[in-house]
Number of protein chains: 2
Amino acid sequence: MSSRTDAPTRREQILGEAARLFAERGFHGVGVDEIGAAVGISGPGLYRHFAGKDAMLAELLVGISERLYRGGRRCLTESAEAGLAPAATLDALVERHIDFALDDRALITLHDRELDRLRDSDRKLVRQLQRQYVELWVGVVREVHPGLPEKEARASVHAVFGLLNSTPHLSRPSALPDRVTTAALLHRLARGAFAAAADGVDGTDGAEGADGAAL
Amino acid sequence: MSSRTDAPTRREQILGEAARLFAERGFHGVGVDEIGAAVGISGPGLYRHFAGKDAMLAELLVGISERLYRGGRRCLTESAEAGLAPAATLDALVERHIDFALDDRALITLHDRELDRLRDSDRKLVRQLQRQYVELWVGVVREVHPGLPEKEARASVHAVFGLLNSTPHLSRPSALPDRVTTAALLHRLARGAFAAAADGVDGTDGAEGADGAAL
DNA sequence: TTGCTCGGTTAGTGAGCGTTAACCTCGCCA
DNA sequence: TGGCGAGGTTAACGCTCACTAACCGAGCAA
């Protein structure tokens, strides 16, 4: 509950390092001693801040899931207030998701890799948030491409998530272009994919509504 | 080395169940007793067939990496022999990768999730095969879209892999359309993504060379 | 000062789990 | 018939590792 620009509290510091380590070597591959060492305290001192290792992972995954979902909802409401076209709303969703993927690589990695190390209740919660987030996208996609059947729209959304979340999986991020180039590229890829999903199935042919790219 | 249509040997049976279990609950989340139970023997009996749990994972990951790479190479040579255009070669690569992704979901999941549980030497080997596979694609993509810079081409390839490999991550595969619909959809998505990657950066605008889709 | 809480420490414990040891029993070949 | 290797079994070992116990020093309020 700390206000946003405070110096990072101990808890947040621990969560940050834990996220990094979990993403690098997997939840089971990291010991509590290492997490402690990463923030300058050692081992069981962590238990002053968290109930256990599981609790850290849970807080990370619930946190990122909530941030994604809330961010998505905000896109929709803001787009609605501004009276934007569906295609522009979809662009906003893509944009925001790319920001997450590039800024919080570790969390994105955890989000689709360590989900099933959670206690049942937490896993249910995370999955529900994921599902809501997906449905948010599906709704917009189907506004943009009315002819696309729901199942295909949903599969497309999952596929585009896989596309957008691909960069954190890179072993050596130096292989990527700089951030703005990468973001622009991912955006083009995602838009192109959605447009192609609808090809031959609706007449509106598409997603180049925003800023006339070539073609 | 058993010929393809033999009844599955014990080793293969074990590998199959191990792959399924590892994909479902993670390498560290599965005990040797469970793997044994899945094939009707119990616990340490596995050590008559494998040096250890690590060896199973290694064989799985090296195996799938080699199959992917060899399959990719075969696409290239066959396309060259048939005198196909680069765009058609890319289609063949996509097609084959989709087959892998849909038929060997468990292996695909392991392939980008459990890589770093391997011994150094095995991990090096797998990474090298992965890299070669990627470069195969990068070469073809750059033939199809000559203006696309190499780094962006490589990032696009990674992203499209993420896209194509997205279906195994689904918690409940029943949410997907039937196989041929899914395969066709994924193919359209991938082609659309590559085409969009090059938009505004080359003049050739394109991947609709194969079988004129709409638009 | 007294005393309490907050955030550390080190030592220890107990469970889980990969692996090994020792033993058994078929089927097969000489 | 005798032996032997392939493929099982159960029991046990030992290590790793999350977590707990017990203790401690600084700040700070009454």
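Proteins get letters first, then strands, A, B, ... in listed order; numbering begins at 1 in each.
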Any base atoms under 4.0 Å from [X], or only sugar-phosphate, or nothing? Heavy atoms, all strands.
| X | answer |
| --- | --- |
| A/Val39 | nothing |
| A/Gly52 | sugar-phosphate |
| B/Gly31 | sugar-phosphate |

Contacts table for residues 92-102 of chain B: side-chain donor-acceptor under 3.5 angstrom, sequence neighbours left out:
unit_1, atom_1, unit_2, atom_2, d
B/Glu95, OE1, B/His187, ND1, 3.0
B/Arg96, NE, B/Gly71, O, 3.4
B/His97, ND1, B/Tyr133, OH, 2.8
B/His97, NE2, B/Asn165, OD1, 2.9
B/Asp99, OD1, B/Arg179, NH2, 2.7

[X] [atom1] to [N] [atom2]: how many Å, rounded?
| X | N | atom1 | atom2 | result |
| --- | --- | --- | --- | --- |
| B/Asp33 | D/dA11 | CG | P | 13 Å |
| B/Phe50 | D/dG8 | CZ | C1' | 16 Å |
| B/His28 | D/dT16 | NE2 | C1' | 12 Å |
| B/His49 | D/dG5 | NE2 | C1' | 14 Å |
| B/Arg10 | D/dG7 | CZ | P | 10 Å |
| A/Lys53 | D/dC17 | NZ | C1' | 8 Å |

Walking DNA chain D from its 5' end, the first of B/Gly45 and A/Phe27 to be reached, judged by nearest nucleotide, is B/Gly45

Assert: residue with more 5' nearest nucleotide on DNA chain D, out of A/Tyr47 and B/Gly40, is B/Gly40

Does a side-chain N-to-carboxylate-O contact under 4.0 Å join [X] and [Y]?
| X | Y | value |
| --- | --- | --- |
| B/Glu135 | B/Arg131 | no |
| B/Arg25 | A/Asp116 | no |
| A/Asp104 | A/Arg67 | yes |

How about A/Arg119 and A/Ser121: does a side-chain donor come under 3.5 Å of a side-chain acceptor?
yes

When rounded to the nearest 0.5 Å, the distance separating CG of A/Leu164 from OG of B/Ser166 is 11.0 Å

Closest to the 5' end of DNA chain C, once A/Arg48 and A/Pro44 are matched to their nearest nucleotides, is A/Arg48

Does B/Ala58 offer a backbone N or O that forms a donor-acceptor pair with the side chain of B/Arg123 under 3.5 Å? no

Its 5'-most and 3'-most nucleotides having an atom under 4.0 Å from a non-hydrogen atom of chain A, DNA chain C is contacted over C/dG7 to C/dA11

